[in-house]
Amino acid sequence: MRPAGDAGRVAQIHASAGVGRSRSACQVGRARKSTPAPRSRSPRTAQANSERGMSNESAASQVGEPFPLSTLRHSVSHLMASAVQRLYPGVSFGFGPSIEHGFYYDFDLPTKLEEKDLVAIEKEMRRIAKQTPQIVREEVTRAEARKRLAAKGQGYKLEALDLIPEDEAISVYRHGDWEDLCEGPHVDRLDRNFHFKLLSLAGAYWRGDEKRPMLQRIYGTAFWSKEELDRHIAWLAEVKERDHRKLGTELDLFSTHQEAGAGFVFWHPNLGAVRRAIEEFWWEEHQRRGYEPVYTPHVLREQVFAVSGHLQNYADMMYSEMLIDEMPYRVKPMNCPGHAIMYRTRNRSYRELPLRWAELGTVYRYEKSGVLHGMLRVRGFTQDDAHIFCTPEQLEEEIAGVVELIRMALSTFGFQYTAYLATRPEKAIGSEEVWAKAIQALEKAAEREKLPLVLDEGGGAFYGPKIDFKVRDALGREWQNSTVQCDFNLPERFDLKFTDSDGKEKRPIMVHRAVLGSLERFVGGLVEHFGGKFPVWCAAKQVALIPIREEHAAYVRDLGKRLRGDLFRVECMDAPGHMNKKIKDAQHAQIPFMLIAGDREAAEGTVAVRRRGTREQVDMKFEEFVALLERLRRTRSLELN
RNA sequence: GCCAGCGUGGCUCAACGGUAGAGCACCGGUUUUGUAAACCGGCGGUUGCGGGUUCGAUUCCCGCCGCUGGCUCCA
């Protein structure tokens, strides 16, 4: 991945709460890097920034910076646009806002920009900043604005002008011979002390509409201080270094194959081990909370999805039919219809509710080719899915249980998180009353679990309200994985019933929930979160055994056997070769512990222990080391001591 | 899907109209070493696939597949 290109992506990682976007019954929280939404900034942006030690607007004004960072960045985007105009006469301008980590500007120009052109543009920007530093604001009449834009042939800007409400003042900002229709504000002068860098190029539809022309977008960033810019660039480098696709190759974790088709992940043994460890953890914690494992088929008759409603509404995401005995079947894009069918196999009594059915269910969905991304956006993935069938009275208790489980799981991986309560959207099924009750149950459950909720007004699915969790990883980036959703729709569609204590048939509520989201996305994200340095409990290999000379191989082989007997994952490096190389290899493989043994250790039954990330070695009795390892595994410690 | 860029041994990269090369990895030999790469040698590529232009294509053109950065999308 190219640094500049990567920067463009990263520059936009911030939350889009998904407000107003409804999700289907079974879209249980697929984690994703949040979509860019330049105009609607996340309330958590500043927090995420400061966590990385980056400056943010309030911090900037605190230290007496004359303008907020976003103002600076917006002005630098203007500066960039003026440089582009000088270098590429005939350019039409789109929008050029400040965004979370920088800014961009969209251009319609006859030539295709290349990365190397950015250098020339930067140079021109510096020249302009020196030559015509003064930025001037001018209020003009609508007619005047229109006249000027028309004279310059700025069609996109003319359209932008029409977007401005009638009663609003119309302003242009000018420096030198360049001016832009813009509401501002801007910094006063471009020769103030600030630092910027152009980062990447991308295509972007005019006004985000795929039916409209594709413009060329340049991303860049700017800071008041050189240190902050440098820190940001270093951060981008760190992000690139930790990219799960890069580490995926280096650590032999996974692959995808041209010959096998895009978007299908092959888990290599190393990542298989990580996944197994996580799955075991997952099952253990679910069993502990009264979940029961279920397994449902991957291919079902099409009519099942007609009943669930997915076929009608979301056919675009589903793979086409296959005929079995001349009847149409579909690969499942979600697990819930299968669970609903199982629920119906017999009459259900209130006495057996709630039912908590969990399945690591693999689903297949059509994703457009351009959106596929390593393990994070794929066409086949396994959800850590579960459905809870319960009575309305049980809802609060069940939600509380899910919230507790999610928090426990996220903490285990060292994630910080924020929870959002998504309420009734405009288009929704179910009565106001049912919604209000369910929302109340969610709120009360959160209260009970002492979980603060951020309100996402109208952000619920059409079939019910939900709580979404966004986690922040070690690099300060946000992901959405966990979710708990109430569903009034599917019980209706599948005509699910239970007989209540009064003898009457009633509808259960179905709760969809995912803790990890999809294993592909979660584990892919985890690779980046840990930078390949997995904690002992889920590391691919937990211990590397290294003999000092070949004659010590038997000793380490014996230790390896004993460790494997205790179900530890061991890399026994007993093949011919040099110790130093083995140490290097173990280091590169990010194995948490190296046990090095020679004459002394073999004689005393000890091992020289070297922890990942240090060069120190500690001599320990082998049993002592095993006890340490066992404790780290049992407690799922994030530390190595 | 759209815009742009890219696709050379397992990996990282070079060559760019004239017989495809390096390092790492791998294999063999020598070496037997106390904490990040021993030494020598060898194997390995129909340059993503298909078509075209050319005396000659990895190089130029077209189509497909895949990858990268964004955009749109993710029930």
Side-chain angles (χ1 to χ4, degrees), chain A residues 1-12 18 21-32 35-36 104 106 108 112-115 199-219 243 245-246 249-250 252 255-263 305 308-318 333-334 365-374 376-379 461-463 480 518 521 546-553 576-588 594-601 608-610 614-617:
Chain A
M1 176 146 46
R2 289 159 212 79
D6 190 34
R9 175 166 67 86
V10 171
Q12 297 194 61
R21 192 179 287 156
S22 67
R23 289 193 172 158
S24 94
C26 294
Q27 207 223 347
V28 271
R30 296 186 54 198
R32 56 172 316 221
T35 44
Y104 67 78
D106 288 341
D108 192 351
K112 287 167 190 167
L113 291 174
E114 292 177 47
E115 296 267 324
L199 296 169
S200 63
L201 290 165
Y205 298 112
W206 166 237
R207 295 184 62 196
D209 184 343
E210 63 181 323
K211 293 184 184 66
R212 315 222 34 195
M214 177 73 73
L215 308 179
Q216 298 190 66
R217 174 173 296 180
I218 302 177
Y219 285 101
D243 189 295
R245 294 164 300 180
K246 181 175 157 76
T249 303
E250 286 174 8
D252 194 8
S255 55
T256 57
H257 301 268
Q258 192 174 131
E259 64 183 313
F305 302 109
S308 72
H310 292 97
L311 196 63
Q312 300 86 312
N313 297 319
Y314 318 117
D316 288 355
M317 297 295 294
M318 295 177 65
M334 77 296 293
R365 300 180 185 177
Y366 173 72
E367 298 278 4
K368 288 179 177 177
S369 59
V371 307
L372 301 173
H373 184 90
L376 303 183
R377 189 82 183 265
V378 294
R379 286 176 170 166
F462 73 90
Y463 51 76
Q480 207 237 290
S518 97
R521 193 173 270 183
I546 301 173
I548 284 172
R549 286 194 308 280
E550 213 166 317
E551 68 203 71
H552 309 122
H578 289 245
M579 176 187 67
N580 282 343
K581 180 159 188 308
K582 291 173 184 175
I583 288 171
K584 185 212 56 168
D585 289 343
Q587 202 88 295
H588 281 177
M594 280 182 237
L595 301 189
I596 300 169
D599 290 331
R600 202 172 61 228
E601 287 79 6
V609 178
R610 190 164 144 164
T614 81
R615 302 187 58 161
E616 297 159 41
Q617 44 173 337

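Since this is a predicted model, take the numbers as computed values, not measurements. In the text below, chain A, chain B and the rest are named by the order of the sequence lines, each starting its count at 1.
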Exercise. Counting any heavy atom closer than 4.0 Å, what does Ala204(A) reach on the DNA or RNA strands: base, sugar-phosphate only, or nothing?
Worked result: sugar-phosphate
Worksheet item: So, is Lys112(A) near the phosphate of A4(B), with a side-chain N or O under 4.0 Å from OP1 or OP2?
Response: yes
- Message: If I pick the C1' atom on U12(B) and the same atom on G7(B), what distance separates them, to the nearest angstrom?
- Response: 14 Å
Quick note, Met214(A) side chain, CB onward, closest among C2(B), G1(B), G48(B) is C2(B)
Rounded to whole Å, the OH-C1' distance (Tyr205(A) to A4(B)) equals 12 Å
Pick the C1' atom in A4(B) and in G41(B), then give their distance to the nearest Å. 46 Å
If pairing means Watson-Crick or G-U wobble with both distances under 3.5 Å, then the partner of A14(B) is none
Across every strand shown, the nucleotide meeting Watson-Crick or G-U wobble geometry with A37(B) (both distances under 3.5 Å) is none
Of the candidates U72(B), G66(B), U32(B), the side chain of Lys368(A) sits closest to U72(B)
* Check: C73(B) base within 3.5 Å donor-acceptor of Arg377(A) side chain -> yes
Rounding to the closest angstrom, what is the interatomic distance between C61(B) and C24(B) at atom P? 35 Å
Just N and O in the side chain of Arg245(A): are any of them under 4.0 Å from OP1 or OP2 of U68(B)? yes
Just so I know, are the side chains of Gln617(A) and Met594(A) near enough to count as touching, which here means a heavy-atom distance under 4.5 Å?
no
The Watson-Crick or G-U wobble partner of G5(B), with both key distances under 3.5 Å, is C67(B)
Contact class for Gly208(A) vs. all strands (heavy atom < 4.0 Å): base, sugar-phosphate, or nothing? sugar-phosphate
Note to self: Looking at Thr614(A) and Arg610(A), would you say the former's side chain and the latter's main chain have a donor-acceptor pair under 3.5 Å?
What the structure shows: no
For U30(B) and G69(B), measure between their P atoms and round to the nearest Å.
-> 48 Å
Roughly how far apart, to the nearest Å, are G56(B) and C40(B) at atom C1'? 39 Å
For Pro333(A) and Arg365(A) the tightest heavy-atom approach is O-NE, 2.7 Å
Original post:
Within the structure, does a side-chain N or O atom of His373(A) lie under 4.0 Å from either OP1 or OP2 of G69(B)?
Top reply: yes
Whole-Å distance, Tyr219(A) OH to C3(B) C1', equals 12 Å
Rounded to the nearest 0.5 angstrom, the CZ-OG1 distance for Arg245(A) and Thr256(A) is 10.0 Å
One should read off an interatomic distance between Ile218(A) CD1 and Leu113(A) CG, to the nearest 0.5 angstrom, of 5.0 Å
Subject >> Euclidean distance for P, C16(B) against C55(B) (whole angstrom) >> reply: 23 Å
To the nearest angstrom, the CD-P distance between Gln216(A) and G69(B) comes to 19 Å
RNA chain B nearest-nucleotide lookup for Asp209(A) and Asp599(A): closer to the 5′ end is Asp599(A)
G48(B) to U68(B) separation - C1' atoms, rounded to the nearest Å: 15 Å
From the list Met334(A), Glu367(A), His310(A), side chain to side chain contact (heavy atoms under 4.5 Å, CB included) with Met317(A) holds only for Glu367(A)
Leu376(A) CG to C67(B) P, in whole Å, measures 13 Å
From CD of Glu114(A) across to P of G5(B) the rounded distance in Å is 7 Å
Scanning all shown strands, the Watson-Crick or wobble mate of C26(B) with both distances under 3.5 Å is G42(B)
Taken to the nearest whole Å, CZ/Arg207(A) to P/C71(B) is 17 Å
Side chain Tyr366(A) and base G1(B) donor-acceptor under 3.5 Å: no
Problem set entry | N or O in side chain of Tyr314(A) less than 4.0 angstrom from C73(B) OP1/OP2 | no
Give me the distance, rounded to whole Å, that separates A15(B) from C60(B) when you measure between the P atoms they each carry.
13 Å
When rounded to whole Å, the CD to C1' distance for the pair Glu250(A) and C24(B) reads 12 Å
Value for CD1 (Ile546(A)) from NE2 (His578(A)), rounded to nearest 0.5 Å, stands at 14.0 Å
Donor-acceptor contact below 3.5 Å, side chain His552(A) vs main chain Arg549(A): yes
Testing G69(B), G66(B), U32(B) for proximity to the side chain of Glu551(A), the answer is U32(B)
Separation of G5(B) atom P from Arg217(A) atom CZ, nearest Å, is 18 Å
message: Check this for me: does any side-chain nitrogen of one of Asp209(A) and Arg207(A) sit under 4.0 Å from a carboxylate oxygen of the other?
response: no
**Q.** Short side-chain N/O contact to G1(B) OP1/OP2 from Ser369(A), under 4.0 Å
**A.** yes
Contact string for nucleotides 35-42 of chain B, one letter per nucleotide 5' to 3', B = base within protein heavy-atom range under 4.0 Å, S = sugar-phosphate only, - = neither, reads BBBB----
Answer for the Watson-Crick or wobble partner of C60(B), both distances under 3.5 Å, is G52(B)
Contacts of Asn313(A) and Leu372(A) projected onto RNA chain B by closest heavy atom; the upstream (5') one is Leu372(A)
*asked:* With a 4.5 Å cut-off on side-chain heavy atoms, are Ser369(A) and Arg379(A) touching?
replied: yes
